[in-house]
Number of protein chains: 2
Amino acid sequence: MSTRPIAARVSNADRNLKSRTAILAAAQQIMREEGYAAVSSRRIAAQAELKSQLVHYYFKTMDELFLALFHDVEEQFFARLDRAAASDRPLSALWAVCRDVHGPRLTKEFVAMATHHDALRGEIARAAERTRSVFVARIAHALSANGVSQDAWPPLALAVLMDGAGRLLIADHTLGATAGHAEVIAFIERQIARLEGGAPDERR
Amino acid sequence: MSTRPIAARVSNADRNLKSRTAILAAAQQIMREEGYAAVSSRRIAAQAELKSQLVHYYFKTMDELFLALFHDVEEQFFARLDRAAASDRPLSALWAVCRDVHGPRLTKEFVAMATHHDALRGEIARAAERTRSVFVARIAHALSANGVSQDAWPPLALAVLMDGAGRLLIADHTLGATAGHAEVIAFIERQIARLEGGAPDERR
DNA sequence: GTCTATAGGCCGATAGAC
DNA sequence: GTCTATCGGCCTATAGAC
(Lines give C-alpha, C1' and ligand atoms only; values in the text may rest on other atoms or scores of the structure.)
Protein backbone atom coordinates (compact mmCIF):
# COMPACT_ATOMS: atom_id res chain seq x y z
CA MET A 1 0.00 0.00 0.00
CA SER A 2 1.25 3.42 -0.92
CA THR A 3 2.39 5.67 1.87
CA ARG A 4 1.69 8.81 -0.11
CA PRO A 5 -1.00 11.05 1.30
CA ILE A 6 -4.39 10.31 -0.14
CA ALA A 7 -4.77 13.86 -1.37
CA ALA A 8 -1.75 13.49 -3.60
CA ARG A 9 -2.96 10.28 -5.13
CA VAL A 10 -6.45 11.55 -5.60
CA SER A 11 -6.19 15.27 -6.33
CA ASN A 12 -7.25 15.19 -9.91
CA ALA A 13 -5.44 12.09 -11.04
CA ASP A 14 -8.26 10.05 -9.63
CA ARG A 15 -10.14 10.92 -12.75
CA ASN A 16 -10.53 8.16 -15.18
CA LEU A 17 -8.31 9.54 -17.90
CA LYS A 18 -9.50 6.86 -20.24
CA SER A 19 -12.97 8.40 -20.32
CA ARG A 20 -11.62 11.89 -20.72
CA THR A 21 -9.36 10.80 -23.53
CA ALA A 22 -12.18 8.90 -25.20
CA ILE A 23 -14.38 11.99 -25.03
CA LEU A 24 -11.77 14.21 -26.66
CA ALA A 25 -10.99 11.61 -29.31
CA ALA A 26 -14.66 11.26 -30.15
CA ALA A 27 -15.11 15.02 -30.28
CA GLN A 28 -12.14 15.33 -32.62
CA GLN A 29 -13.46 12.68 -34.96
CA ILE A 30 -16.92 14.22 -35.15
CA MET A 31 -15.47 17.67 -35.72
CA ARG A 32 -13.26 16.34 -38.48
CA GLU A 33 -16.00 14.46 -40.26
CA GLU A 34 -19.06 16.59 -39.71
CA GLY A 35 -17.88 20.00 -38.57
CA TYR A 36 -17.94 21.78 -35.26
CA ALA A 37 -21.69 22.26 -35.34
CA ALA A 38 -22.17 18.50 -35.10
CA VAL A 39 -20.14 18.21 -31.91
CA SER A 40 -22.60 17.81 -29.04
CA SER A 41 -22.40 16.04 -25.73
CA ARG A 42 -24.88 13.47 -26.95
CA ARG A 43 -23.07 12.80 -30.23
CA ILE A 44 -19.79 12.47 -28.38
CA ALA A 45 -21.34 10.06 -25.93
CA ALA A 46 -22.75 7.91 -28.70
CA GLN A 47 -19.39 7.86 -30.47
CA ALA A 48 -17.42 7.03 -27.33
CA GLU A 49 -20.05 4.63 -26.05
CA LEU A 50 -20.75 6.35 -22.78
CA LYS A 51 -23.43 8.55 -21.27
CA SER A 52 -23.75 12.15 -22.34
CA GLN A 53 -23.78 13.37 -18.76
CA LEU A 54 -20.26 12.11 -18.35
CA VAL A 55 -19.15 14.66 -20.90
CA HIS A 56 -20.45 17.37 -18.59
CA TYR A 57 -18.67 15.78 -15.69
CA TYR A 58 -15.29 16.16 -17.41
CA PHE A 59 -16.09 19.45 -19.10
CA LYS A 60 -18.41 21.77 -17.30
CA THR A 61 -19.44 23.46 -20.53
CA MET A 62 -19.03 22.69 -24.19
CA ASP A 63 -16.85 25.77 -24.57
CA GLU A 64 -14.47 24.26 -22.07
CA LEU A 65 -14.42 21.06 -24.08
CA PHE A 66 -13.61 22.89 -27.31
CA LEU A 67 -10.76 24.73 -25.62
CA ALA A 68 -9.36 21.51 -24.22
CA LEU A 69 -9.63 19.87 -27.63
CA PHE A 70 -7.83 22.76 -29.24
CA HIS A 71 -4.99 22.56 -26.75
CA ASP A 72 -4.72 18.83 -27.38
CA VAL A 73 -4.52 19.26 -31.12
CA GLU A 74 -2.22 22.25 -30.80
CA GLU A 75 0.23 20.31 -28.68
CA GLN A 76 0.48 17.51 -31.22
CA PHE A 77 0.82 20.01 -34.02
CA PHE A 78 3.69 21.94 -32.47
CA ALA A 79 5.51 18.75 -31.58
CA ARG A 80 5.36 17.89 -35.24
CA LEU A 81 6.25 21.39 -36.38
CA ASP A 82 9.27 21.57 -34.11
CA ARG A 83 10.44 18.20 -35.34
CA ALA A 84 10.14 19.43 -38.92
CA ALA A 85 12.01 22.64 -38.12
CA ALA A 86 14.84 20.65 -36.59
CA SER A 87 15.29 18.33 -39.56
CA ASP A 88 18.12 18.34 -42.09
CA ARG A 89 16.00 20.05 -44.69
CA PRO A 90 13.67 22.18 -42.59
CA LEU A 91 11.97 23.94 -45.49
CA SER A 92 11.06 20.67 -47.16
CA ALA A 93 9.86 19.29 -43.85
CA LEU A 94 7.80 22.38 -43.04
CA TRP A 95 6.28 22.30 -46.50
CA ALA A 96 5.32 18.68 -45.89
CA VAL A 97 3.53 19.79 -42.72
CA CYS A 98 1.72 22.50 -44.71
CA ARG A 99 0.59 19.99 -47.25
CA ASP A 100 -0.62 17.39 -44.81
CA VAL A 101 -4.32 16.92 -45.21
CA HIS A 102 -5.15 15.91 -41.68
CA GLY A 103 -4.13 18.88 -39.58
CA PRO A 104 -5.81 21.71 -41.46
CA ARG A 105 -9.18 20.06 -41.62
CA LEU A 106 -9.50 20.61 -37.90
CA THR A 107 -7.73 23.97 -38.09
CA LYS A 108 -10.33 25.11 -40.59
CA GLU A 109 -13.13 24.24 -38.21
CA PHE A 110 -11.45 26.00 -35.30
CA VAL A 111 -10.78 29.10 -37.39
CA ALA A 112 -14.40 29.14 -38.50
CA MET A 113 -15.45 28.87 -34.84
CA ALA A 114 -13.02 31.59 -33.82
CA THR A 115 -14.98 34.23 -35.70
CA HIS A 116 -17.67 34.10 -33.08
CA HIS A 117 -16.02 32.40 -30.14
CA ASP A 118 -13.90 34.83 -28.15
CA ALA A 119 -11.93 32.50 -25.91
CA LEU A 120 -10.95 30.29 -28.82
CA ARG A 121 -9.98 33.24 -30.99
CA GLY A 122 -7.22 34.33 -28.64
CA GLU A 123 -5.77 30.83 -28.39
CA ILE A 124 -5.80 30.32 -32.13
CA ALA A 125 -4.20 33.69 -32.78
CA ARG A 126 -1.41 32.79 -30.39
CA ALA A 127 -0.87 29.45 -32.14
CA ALA A 128 -0.92 31.10 -35.56
CA GLU A 129 1.78 33.56 -34.56
CA ARG A 130 3.92 30.85 -33.08
CA THR A 131 3.61 28.80 -36.26
CA ARG A 132 4.51 31.77 -38.38
CA SER A 133 7.59 32.49 -36.32
CA VAL A 134 8.89 28.95 -36.78
CA PHE A 135 8.56 29.32 -40.55
CA VAL A 136 10.17 32.74 -40.58
CA ALA A 137 13.16 31.57 -38.57
CA ARG A 138 13.92 28.64 -40.87
CA ILE A 139 13.35 30.61 -44.04
CA ALA A 140 15.55 33.46 -42.86
CA HIS A 141 18.28 30.99 -42.03
CA ALA A 142 18.04 29.30 -45.42
CA LEU A 143 18.13 32.63 -47.23
CA SER A 144 21.19 33.92 -45.46
CA ALA A 145 22.95 30.58 -45.93
CA ASN A 146 22.43 31.09 -49.66
CA GLY A 147 23.28 34.76 -49.73
CA VAL A 148 19.78 35.79 -50.80
CA SER A 149 18.78 39.32 -49.89
CA GLN A 150 16.12 39.41 -47.19
CA ASP A 151 15.07 42.84 -48.38
CA ALA A 152 14.22 41.47 -51.80
CA TRP A 153 12.71 38.29 -50.35
CA PRO A 154 11.31 38.99 -46.88
CA PRO A 155 11.09 35.73 -44.90
CA LEU A 156 7.77 36.81 -43.47
CA ALA A 157 6.29 37.18 -46.93
CA LEU A 158 7.68 33.85 -48.06
CA ALA A 159 6.26 32.22 -44.93
CA VAL A 160 2.80 33.59 -45.69
CA LEU A 161 3.03 32.49 -49.32
CA MET A 162 4.10 29.00 -48.34
CA ASP A 163 1.53 28.52 -45.61
CA GLY A 164 -1.22 30.13 -47.68
CA ALA A 165 -0.50 27.98 -50.70
CA GLY A 166 -0.51 24.84 -48.57
CA ARG A 167 -3.85 25.66 -47.03
CA LEU A 168 -5.37 26.59 -50.36
CA LEU A 169 -4.23 23.34 -51.95
CA ILE A 170 -5.77 21.41 -49.10
CA ALA A 171 -9.00 23.37 -49.31
CA ASP A 172 -9.14 22.56 -53.02
CA HIS A 173 -8.39 18.95 -52.29
CA THR A 174 -11.22 18.77 -49.77
CA LEU A 175 -13.55 20.20 -52.39
CA GLY A 176 -12.45 17.60 -54.87
CA ALA A 177 -10.63 20.05 -57.13
CA THR A 178 -7.07 18.93 -57.73
CA ALA A 179 -6.52 20.25 -61.25
CA GLY A 180 -3.11 21.87 -61.58
CA HIS A 181 -1.97 20.89 -58.11
CA ALA A 182 1.02 18.93 -59.33
CA GLU A 183 2.27 21.95 -61.24
CA VAL A 184 1.95 24.24 -58.24
CA ILE A 185 3.64 21.78 -55.92
CA ALA A 186 6.47 21.28 -58.38
CA PHE A 187 7.03 25.03 -58.56
CA ILE A 188 7.18 25.48 -54.80
CA GLU A 189 9.41 22.47 -54.31
CA ARG A 190 11.73 23.80 -56.98
CA GLN A 191 12.15 27.01 -55.00
CA ILE A 192 12.79 25.06 -51.82
CA ALA A 193 15.30 22.83 -53.57
CA ARG A 194 17.24 25.87 -54.71
CA LEU A 195 17.71 26.88 -51.11
CA GLU A 196 18.21 23.46 -49.61
CA GLY A 197 19.51 21.38 -52.46
CA GLY A 198 22.82 23.21 -52.26
CA ALA A 199 22.73 25.36 -55.40
CA PRO A 200 23.15 28.91 -54.12
CA ASP A 201 21.95 30.65 -57.29
CA GLU A 202 20.01 33.88 -57.29
CA ARG A 203 16.31 33.71 -57.82
CA ARG A 204 14.83 35.58 -60.71
CA MET B 1 -52.27 47.16 -67.88
CA SER B 2 -49.83 44.63 -69.20
CA THR B 3 -50.86 42.53 -72.14
CA ARG B 4 -48.49 39.75 -71.23
CA PRO B 5 -50.11 36.42 -70.38
CA ILE B 6 -50.91 36.09 -66.73
CA ALA B 7 -48.79 33.00 -66.42
CA ALA B 8 -45.71 34.93 -67.42
CA ARG B 9 -46.36 37.63 -64.89
CA VAL B 10 -47.28 35.24 -62.16
CA SER B 11 -45.28 32.06 -62.66
CA ASN B 12 -42.88 32.54 -59.81
CA ALA B 13 -42.61 36.30 -59.94
CA ASP B 14 -45.79 36.48 -57.92
CA ARG B 15 -43.68 35.77 -54.92
CA ASN B 16 -42.99 38.66 -52.69
CA LEU B 17 -39.35 39.08 -53.55
CA LYS B 18 -38.96 41.53 -50.74
CA SER B 19 -39.49 38.80 -48.18
CA ARG B 20 -37.25 36.38 -50.00
CA THR B 21 -34.54 38.98 -50.28
CA ALA B 22 -34.91 39.92 -46.64
CA ILE B 23 -34.56 36.27 -45.65
CA LEU B 24 -31.37 35.81 -47.64
CA ALA B 25 -29.95 39.08 -46.39
CA ALA B 26 -30.65 38.11 -42.80
CA ALA B 27 -29.16 34.66 -43.32
CA GLN B 28 -26.04 36.21 -44.80
CA GLN B 29 -25.61 38.60 -41.91
CA ILE B 30 -26.03 35.88 -39.28
CA MET B 31 -23.62 33.59 -41.11
CA ARG B 32 -21.09 36.38 -41.33
CA GLU B 33 -21.32 37.38 -37.69
CA GLU B 34 -21.97 34.11 -35.93
CA GLY B 35 -21.12 31.31 -38.33
CA TYR B 36 -23.20 28.86 -40.30
CA ALA B 37 -24.23 26.93 -37.21
CA ALA B 38 -26.15 29.97 -35.97
CA VAL B 39 -28.24 30.22 -39.12
CA SER B 40 -31.67 28.82 -38.30
CA SER B 41 -35.12 29.61 -39.60
CA ARG B 42 -36.00 31.19 -36.27
CA ARG B 43 -32.88 33.35 -36.09
CA ILE B 44 -33.44 34.50 -39.65
CA ALA B 45 -37.05 35.33 -38.88
CA ALA B 46 -36.09 37.36 -35.82
CA GLN B 47 -33.43 39.22 -37.79
CA ALA B 48 -35.73 39.96 -40.74
CA GLU B 49 -38.73 40.65 -38.51
CA LEU B 50 -41.02 38.02 -39.92
CA LYS B 51 -42.30 34.60 -38.93
CA SER B 52 -40.02 31.60 -39.08
CA GLN B 53 -42.57 29.61 -41.06
CA LEU B 54 -42.18 32.05 -43.91
CA VAL B 55 -38.61 30.92 -44.28
CA HIS B 56 -39.90 27.42 -44.97
CA TYR B 57 -42.36 28.82 -47.46
CA TYR B 58 -39.57 30.29 -49.58
CA PHE B 59 -37.08 27.51 -48.93
CA LYS B 60 -38.44 24.05 -48.40
CA THR B 61 -35.41 22.98 -46.41
CA MET B 62 -32.48 24.78 -44.84
CA ASP B 63 -30.16 23.07 -47.28
CA GLU B 64 -32.05 24.72 -50.10
CA LEU B 65 -31.66 28.07 -48.38
CA PHE B 66 -27.91 27.62 -47.99
CA LEU B 67 -27.57 26.75 -51.66
CA ALA B 68 -29.60 29.78 -52.69
CA LEU B 69 -27.51 31.97 -50.42
CA PHE B 70 -24.33 30.61 -51.92
CA HIS B 71 -25.53 31.32 -55.44
CA ASP B 72 -26.46 34.83 -54.41
CA VAL B 73 -23.07 35.52 -52.90
CA GLU B 74 -21.31 33.79 -55.77
CA GLU B 75 -23.06 35.94 -58.34
CA GLN B 76 -22.02 39.14 -56.63
CA PHE B 77 -18.50 37.85 -56.22
CA PHE B 78 -18.02 36.95 -59.87
CA ALA B 79 -19.48 40.24 -61.01
CA ARG B 80 -16.81 41.89 -58.92
CA LEU B 81 -14.07 39.53 -60.02
CA ASP B 82 -14.87 40.02 -63.70
CA ARG B 83 -14.86 43.78 -63.23
CA ALA B 84 -11.44 43.52 -61.61
CA ALA B 85 -10.12 41.29 -64.38
CA ALA B 86 -11.27 43.81 -66.98
CA SER B 87 -9.59 46.79 -65.33
CA ASP B 88 -6.49 48.63 -66.51
CA ARG B 89 -4.32 46.95 -63.94
CA PRO B 90 -6.00 43.56 -63.52
CA LEU B 91 -3.42 42.08 -61.17
CA SER B 92 -3.70 44.98 -58.77
CA ALA B 93 -7.47 44.82 -58.98
CA LEU B 94 -7.56 41.05 -58.43
CA TRP B 95 -5.22 41.40 -55.49
CA ALA B 96 -7.57 44.00 -54.02
CA VAL B 97 -10.38 41.45 -54.32
CA CYS B 98 -8.21 38.86 -52.56
CA ARG B 99 -7.49 41.24 -49.75
CA ASP B 100 -11.06 42.34 -49.20
CA VAL B 101 -12.20 41.32 -45.78
CA HIS B 102 -15.87 40.93 -46.51
CA GLY B 103 -15.99 38.21 -49.14
CA PRO B 104 -13.81 35.54 -47.57
CA ARG B 105 -15.51 35.63 -44.22
CA LEU B 106 -18.51 34.04 -45.86
CA THR B 107 -16.36 31.89 -48.11
CA LYS B 108 -14.69 30.47 -45.03
CA GLU B 109 -18.03 29.46 -43.58
CA PHE B 110 -19.14 27.86 -46.83
CA VAL B 111 -15.88 25.99 -47.19
CA ALA B 112 -16.20 24.72 -43.63
CA MET B 113 -19.74 23.59 -44.40
CA ALA B 114 -18.63 21.94 -47.63
CA THR B 115 -16.66 19.32 -45.74
CA HIS B 116 -19.86 17.64 -44.69
CA HIS B 117 -22.46 19.05 -47.04
CA ASP B 118 -22.37 17.29 -50.39
CA ALA B 119 -24.53 19.55 -52.54
CA LEU B 120 -22.66 22.64 -51.41
CA ARG B 121 -19.29 21.04 -51.96
CA GLY B 122 -19.85 20.61 -55.69
CA GLU B 123 -21.01 24.18 -56.12
CA ILE B 124 -18.08 25.59 -54.19
CA ALA B 125 -15.59 23.49 -56.12
CA ARG B 126 -17.00 24.83 -59.36
CA ALA B 127 -16.76 28.40 -58.13
CA ALA B 128 -13.20 27.86 -56.90
CA GLU B 129 -12.09 26.57 -60.28
CA ARG B 130 -13.73 29.45 -62.08
CA THR B 131 -12.01 31.93 -59.78
CA ARG B 132 -8.68 30.28 -60.31
CA SER B 133 -9.05 30.40 -64.09
CA VAL B 134 -9.69 34.15 -64.02
CA PHE B 135 -6.48 34.67 -62.04
CA VAL B 136 -4.48 32.38 -64.28
CA ALA B 137 -5.63 34.14 -67.45
CA ARG B 138 -4.65 37.60 -66.24
CA ILE B 139 -1.36 36.46 -64.74
CA ALA B 140 -0.40 34.59 -67.91
CA HIS B 141 -1.18 37.67 -69.95
CA ALA B 142 0.86 39.93 -67.70
CA LEU B 143 3.80 37.55 -67.76
CA SER B 144 3.94 37.26 -71.52
CA ALA B 145 3.56 41.02 -71.89
CA ASN B 146 6.72 41.32 -69.81
CA GLY B 147 8.59 38.51 -71.45
CA VAL B 148 8.69 36.42 -68.28
CA SER B 149 9.06 32.68 -68.78
CA GLN B 150 5.91 30.80 -67.87
CA ASP B 151 7.96 27.68 -67.33
CA ALA B 152 9.97 29.39 -64.62
CA TRP B 153 6.90 31.15 -63.21
CA PRO B 154 3.81 29.05 -63.86
CA PRO B 155 0.71 31.28 -63.77
CA LEU B 156 -1.20 28.60 -61.95
CA ALA B 157 1.35 28.55 -59.15
CA LEU B 158 1.38 32.33 -58.90
CA ALA B 159 -2.42 32.35 -58.78
CA VAL B 160 -2.40 29.90 -55.87
CA LEU B 161 0.27 31.90 -54.05
CA MET B 162 -1.64 35.13 -54.50
CA ASP B 163 -5.02 33.76 -53.52
CA GLY B 164 -3.57 31.76 -50.64
CA ALA B 165 -1.67 34.72 -49.26
CA GLY B 166 -4.79 36.89 -49.43
CA ARG B 167 -6.88 34.39 -47.57
CA LEU B 168 -4.22 33.81 -44.95
CA LEU B 169 -3.84 37.53 -44.31
CA ILE B 170 -7.58 37.82 -43.86
CA ALA B 171 -7.70 34.82 -41.56
CA ASP B 172 -4.97 36.42 -39.47
CA HIS B 173 -6.83 39.69 -39.50
CA THR B 174 -9.98 37.99 -38.25
CA LEU B 175 -7.98 36.46 -35.44
CA GLY B 176 -6.60 39.85 -34.50
CA ALA B 177 -3.06 39.06 -35.61
CA THR B 178 -1.81 41.69 -38.04
CA ALA B 179 1.89 41.71 -37.18
CA GLY B 180 4.00 41.78 -40.31
CA HIS B 181 1.08 42.20 -42.66
CA ALA B 182 2.31 45.48 -44.09
CA GLU B 183 5.61 43.87 -45.01
CA VAL B 184 3.93 40.96 -46.75
CA ILE B 185 1.55 43.20 -48.64
CA ALA B 186 4.39 45.46 -49.74
CA PHE B 187 6.28 42.46 -51.09
CA ILE B 188 3.37 41.16 -53.11
CA GLU B 189 2.48 44.57 -54.45
CA ARG B 190 6.09 45.08 -55.48
CA GLN B 191 5.91 41.93 -57.60
CA ILE B 192 2.64 43.07 -59.13
CA ALA B 193 4.06 46.52 -59.83
CA ARG B 194 6.94 44.96 -61.71
CA LEU B 195 4.50 43.37 -64.07
CA GLU B 196 1.91 46.12 -64.29
CA GLY B 197 3.36 49.35 -63.12
CA GLY B 198 6.29 48.80 -65.35
CA ALA B 199 9.74 49.75 -64.17
CA PRO B 200 10.13 52.57 -61.63
CA ASP B 201 9.71 55.17 -64.35
CA GLU B 202 7.53 53.52 -66.88
CA ARG B 203 3.85 54.07 -66.27
CA ARG B 204 1.69 52.79 -69.02
C1' DG C 1 -48.18 35.18 -49.17
C1' DT C 2 -48.71 35.32 -44.47
C1' DC C 3 -50.58 33.80 -40.36
C1' DT C 4 -51.52 30.38 -35.92
C1' DA C 5 -50.73 26.08 -33.98
C1' DT C 6 -48.25 22.22 -33.19
C1' DA C 7 -45.64 17.80 -33.84
C1' DG C 8 -41.40 15.66 -32.74
C1' DG C 9 -36.41 15.90 -32.06
C1' DC C 10 -31.78 17.12 -30.29
C1' DC C 11 -29.60 20.26 -27.34
C1' DG C 12 -26.93 21.91 -22.71
C1' DA C 13 -27.03 21.45 -18.18
C1' DT C 14 -28.33 20.02 -13.39
C1' DA C 15 -29.94 17.09 -9.24
C1' DG C 16 -29.24 13.33 -6.79
C1' DA C 17 -28.53 8.05 -6.11
C1' DC C 18 -24.81 4.77 -5.79
C1' DG D 1 -16.71 8.32 -11.58
C1' DT D 2 -20.82 6.77 -13.43
C1' DC D 3 -25.54 6.22 -13.44
C1' DT D 4 -30.98 7.65 -13.93
C1' DA D 5 -34.17 11.18 -14.43
C1' DT D 6 -35.53 15.44 -15.96
C1' DC D 7 -36.03 20.61 -17.04
C1' DG D 8 -36.40 24.17 -20.31
C1' DG D 9 -34.98 25.72 -24.78
C1' DC D 10 -34.30 26.03 -29.71
C1' DC D 11 -34.59 23.45 -33.79
C1' DT D 12 -36.89 21.78 -38.67
C1' DA D 13 -40.88 21.08 -40.77
C1' DT D 14 -45.92 20.53 -41.66
C1' DA D 15 -51.13 21.42 -41.53
C1' DG D 16 -54.50 24.39 -42.25
C1' DA D 17 -57.02 29.08 -41.70
C1' DC D 18 -57.31 33.50 -44.05
Side-chain angles (χ1 to χ4, degrees), chain A residues 6-27 29-31 33-70 109 113 116-120, chain B residues 6-27 29-31 33-70 109 113 116-120:
Chain A
I6 290 174
R9 277 188 287 128
V10 172
S11 60
N12 74 353
D14 190 44
R15 290 180 152 181
N16 183 347
L17 289 181
K18 211 175 143 216
S19 286
R20 199 190 129 100
T21 304
I23 287 168
L24 287 178
Q29 186 181 337
I30 296 166
M31 196 168 178
E33 291 172 0
E34 304 181 50
Y36 69 85
V39 179
S40 72
S41 54
R42 282 169 156 88
R43 287 279 282 102
I44 291 170
Q47 181 73 37
E49 291 180 311
L50 39 83
K51 301 291 172 180
S52 72
Q53 294 88 337
L54 208 56
V55 174
H56 293 289
Y57 171 76
Y58 284 102
F59 306 96
K60 200 163 165 48
T61 64
M62 290 304 286
D63 278 10
E64 200 178 303
L65 184 146
F66 279 117
L67 275 172
L69 179 57
F70 179 73
E109 291 292 330
M113 283 187 82
H116 45 93
H117 191 301
D118 297 348
L120 218 38
Chain B
I6 291 173
R9 278 187 286 126
V10 171
S11 62
N12 73 354
D14 190 44
R15 290 180 153 179
N16 184 346
L17 290 182
K18 212 175 141 217
S19 286
R20 199 190 131 100
T21 304
I23 287 168
L24 287 178
Q29 186 180 338
I30 295 165
M31 196 167 177
E33 292 172 359
E34 305 180 51
Y36 69 85
V39 179
S40 70
S41 54
R42 281 172 155 87
R43 288 280 281 105
I44 290 170
Q47 180 74 36
E49 290 182 310
L50 38 82
K51 300 292 171 178
S52 72
Q53 294 88 337
L54 208 56
V55 174
H56 293 290
Y57 172 76
Y58 284 102
F59 306 96
K60 201 162 164 47
T61 66
M62 291 303 288
D63 277 9
E64 200 178 303
L65 184 147
F66 279 118
L67 275 171
L69 179 57
F70 179 73
E109 291 292 330
M113 282 187 81
H116 46 94
H117 191 301
D118 297 347
L120 218 37

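Heavy atoms only: backbone and side chains are in, while hydrogens, waters and symmetry mates are out. Note that the structure is a prediction, hence the values are computed from the model and not measured.
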Next item on the list: Can you check each nucleotide of nucleotides 11-18 of chain C against protein heavy atoms at under 4.0 Å and return B for base, S for sugar-phosphate only, - for none, in 5' to 3' order?
Entry: BBBB----
Notebook entry, point to check: Expressed in angstrom and rounded to an integer, what is the separation of B:Leu65 atom CG from D:dC11 atom C1'?
Noted result: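 Atom CG in B:Leu65 sits about 14 Å away from atom C1' in D:dC11.
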Next item on the list: Take atom CG of B:Leu54 and atom P of D:dT14, then tell me their distance rounded to the nearest Å.
Entry: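 Answer to the nearest Å: 15 Å.
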Show the nearest heavy-atom pair for residues [X] and [Y], with the distance to one decimal.
X: A:His116; Y: B:Glu33; answer: CB-O, 3.6 Å
X: A:Val39; Y: A:Met62; answer: O-CE, 3.8 Å
X: A:Ile44; Y: A:Ala26; answer: O-CB, 3.9 Å

Checklist line | Distance, nearest 0.5 Å, that separates CZ of B:Phe70 from CG of B:Leu65 | finding: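 Taking CZ in B:Phe70 and CG in B:Leu65, the distance rounds to 14.0 Å.
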Note to self: Can you classify the ring geometry of B:His117 versus B:Phe66 as parallel (below 30°), tilted (30 to 60°) or perpendicular (above 60°)?
What the structure shows: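 It falls in the perpendicular class, over 60°.
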